[in-house]
Q: 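Structure in structure tokens, see below.
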Amino acid sequence: MKARIAVLPGDGIGPEVTAGAQQILEQVAHLFDHKFELEEYLMGGCSIDRYGTPLTDETLADCNASDAVLLGAVGGPKWDDPMAKVRPEMGLLGLRKGMGLFANLRPVRPHPDLMHASPLKPELLSGVDMLVVRELTGGIYFGEPQGRDSQPDGNTRAFDSMVYWDYEIERVVKLACNLAAGRRKKVTSVDKANVLETSRLWRQVANNVAVSHPTITFDHQLVDAAAMRLITQPSSFDVLVTGNMFGDILTDEASVLTGSIGNLPSASLGDSGTGLYEPIHGSAPDIAGEGIANPIGAILSAAMLLRHSLNLESEASAVEAAVMHTLEEGCRTIDLRQEKALSTQQMTAEIIKNLETQKR
Ligand code: IPM
Ligand code: MG
């Protein structure tokens with residue numbers, strides 16, 4: 001098949017891990033006889049430096065016109081001034097919103113060989129296979145009003161607003177139920193309904209959706225309790241569905257189960273086929289430029305791209321199997337093992353080697 005893929009490497013380690021994911025896509029194209037046109041764009045801090053804005057209208061339009069978008073990470077100390085008018089993260093949020101990507105899928109499946117890399121006891125980790133479905137274009141990330149004002153007495157306040165429309169909740173919970181139908185058929189909806197009105201609406205709408213999915217075991221959990229259960233009984237979860245900020249926080253926590261945040265991929269989906277694929281980790285300025293970042297989150301994001309936007313299931317599974325194999329062979333980047341750690345490029349090369357054997 002022919003596909004156009006927009007590539008937004010971003011800042012920090014973004015370009016390093018994205019280079020790995022691009023090589024994987026090129027190798028998939030070669031092995032499976034596809035034609036992928038990969039086009040790179042600036043987004044985030046690098047775009048601020050060049051154009052004064054983290055996301056230009058042209059880049060957004062080109063992303064929307066592509067079959068899929070592959071993204072690295074954005075941000076860094078250079079753009080961290082709290083008084084700055086523009087921030088790299090605004091580019092990412094603008095992209096999610098501008099592409100209508102209301103659902104962010106974050107699968108968490110610890111590899112058996114990495115269980116000792118997690119601070120949790122291995123017996124807690126066995127059988128963990130969860131999918132967090134994070135609402136991505138609503139909630140406190142986007143609610144208005146947002147800002148600051150000062151009182152005559154000299155005090156300054158800042159405010160953000162948590163806003164959810166019923167239809168925003170409905171579509172993401174529906175998607176979670178549909179995804180659960182192809183898995184263990186359990187959905188846990190996470191909220192803070194004992195305190196927040198948005199969460200009470202969330203619970204009500206979620207219940208209505210659950211009624212039309214009778215084969216799904218549906219339950220609700222408060223976010224504080226869910227945070228605890230994630231590390232005390234992680235294998236009890238199948239699909240979690242939650243709002244934008246709770247999903248952000250819980251998935252960083254969940255990544256610890258896999259040994260490193262560097263391992264986790266994500267897919268952001270909306271109503272159109274064009275999805276956005278990015279590792280859940282950030283730009284890691286502390287190790288940027290050293291060539292030591294873990295490319296697995298980015299490479300598994302490329303696998304999700306093949307599956308969800310291009311409908312290439314065998315290709316996606318081949319990439320995932322190649323990653324599994326590489327880990328089974330003992331290859332590790334420095335986030336997973338201090339001694340004999342491979343560089344980003346070496347790890348990528350090992351995965352490519354295994355992809356070739358897969359195909360043969
Ligand atoms: C993520 C990141 C982003 C978010 C930041 C960089 C804006 O933490 O994708 O999880 O909060 O959504
Ligand atoms: Mg995050």
Side-chain angles (χ1 to χ4, degrees), residues 8-15 17-18 21 42-48 53-55 60 63 69-82 84 86-108 130-143 146 160-162 164 168 172 190 223 226-227 230 240-258 260-270 275-286 288 293-294 296-298 300-301 304-305 335:
L8 280 49
D11 311 313
I13 59 166
V17 296
T18 308
L42 297 177
M43 200 281 287
C46 55
S47 174
I48 295 181
T53 169
L55 172 67
L60 175 58
C63 287
V69 180
L70 181 70
L71 193 146
V74 295
K78 183 173 176 193
W79 308 280
D80 251 352
D81 174 6
V86 284
R87 294 186 56 91
E89 292 79 3
M90 290 160 69
L92 180 56
L93 299 183
L95 196 62
R96 290 170 177 172
K97 191 78 168 180
M99 293 179 66
L101 305 169
F102 62 83
N104 182 222
L105 278 47
R106 298 185 163 185
V108 182
M130 71 179 104
L131 173 66
V132 181
V133 181
R134 167 187 176 193
E135 199 289 327
L136 203 60
T137 50
I140 198 163
Y141 272 58
F142 292 95
Q146 189 185 52
D160 295 284
S161 305
M162 180 110 137
Y164 264 118
E168 293 177 309
V172 75
V190 175
V223 62
L230 260 181
L240 280 103
V241 62
T242 189
N244 206 340
M245 190 164 68
F246 297 155
D248 178 46
I249 299 168
L250 292 178
T251 47
D252 266 35
E253 185 190 356
S255 78
V256 172
L257 307 172
T258 72
S260 168
I261 195 166
N263 290 325
L264 281 210
S266 87
S268 302
L269 307 174
L276 174 103
Y277 302 85
E278 54 171 325
I280 85 154
H281 64 70
S283 59
D286 52 325
N294 182 352
I296 290 180
L300 292 177
S301 298
M304 293 185 91
L305 181 157
D335 52 326

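Only a predicted model underlies this, so the values are computations on that prediction, with no experimental measurement involved. Order of listing sets the numbers, starting from 1, for every ligand and every atom in it.
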Q: Taking Asn263 for its side chain and Gly297 for its backbone only, find out whether a donor-acceptor pair lies under 3.5 Å.
A: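 The answer is no, because no donor-acceptor pair under 3.5 Å joins these two groups.
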Q: I need the nearest protein heavy-atom contact for atom 1 (C) of ligand 1: residue, atom name and distance, please.
A: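 Ranked first by proximity to atom 1 (C) of ligand 1 is Arg106 NH2, 3.4 Å.
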Q: For atom 2 (C) of ligand 1, which candidate among Leu93, Asp248, Leu71 provides the closest heavy atom?
A: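 Selected option, by shortest heavy-atom distance: Asp248.
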Q: Please determine whether any non-hydrogen atom of Arg87 lies less than 4.0 Å from an atom of ligand 1.
A: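 Contact check Arg87 vs ligand 1: negative.
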Q: Would you say Arg134 contacts ligand 1, with heavy atoms under 4.0 Å as the rule?
A: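 For ligand 1, residue contact (heavy atoms, under 4.0 Å) with Arg134 is present.
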Q: Any heavy atom of Arg96 sitting closer than 4.0 Å to ligand 1?
A: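 Checking ligand 1 against Arg96, which is what was asked, there is a heavy-atom contact under 4.0 Å.
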Q: Find the distance between CE (Met43) and CG (Leu55) and round it off to the nearest 0.5 Å.
A: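 These two atoms lie 6.5 Å from each other.
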Q: I'd like to know if the side chain of Ser283 pairs up with that of Asp11 as donor and acceptor (distance under 3.5 Å, no hydrogens or angles considered).
A: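 Side chains of Ser283 and Asp11: no pair found under 3.5 Å.
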Q: Give a yes/no answer: is there an N/O/S atom of Asp248 under 2.8 Å from the Mg ion (ligand 2)?
A: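 It does; at least one qualifying atom falls short of 2.8 Å.
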Q: With distance as the sole test, does Thr137 use its side chain to make a donor-acceptor pair with the main-chain N or O of Lys97 at under 3.5 Å?
A: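 Such a contact is absent between Thr137 side chain and Lys97 backbone.
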Q: Which ligand 1 atoms are under 4.0 Å away from a heavy-atom of Glu89?
A: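 In order of number, 6 (C), 7 (C).
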Q: Suppose we measure from atom 4 (C) of ligand 1 to each protein heavy atom; which comes out shortest, and what is that distance?
A: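 It is Tyr141 OH, 3.5 Å.
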Q: Closest approach of Glu278 and Gly72, non-hydrogen atoms and distance?
A: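 Residues Glu278 and Gly72, closest heavy atoms: CB-O, 4.3 Å.
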Q: Heavy-atom distance under 4.5 Å between the side chains of Met245 and Ile249, does that happen here?
A: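 Met245 vs Ile249: side chains touch.
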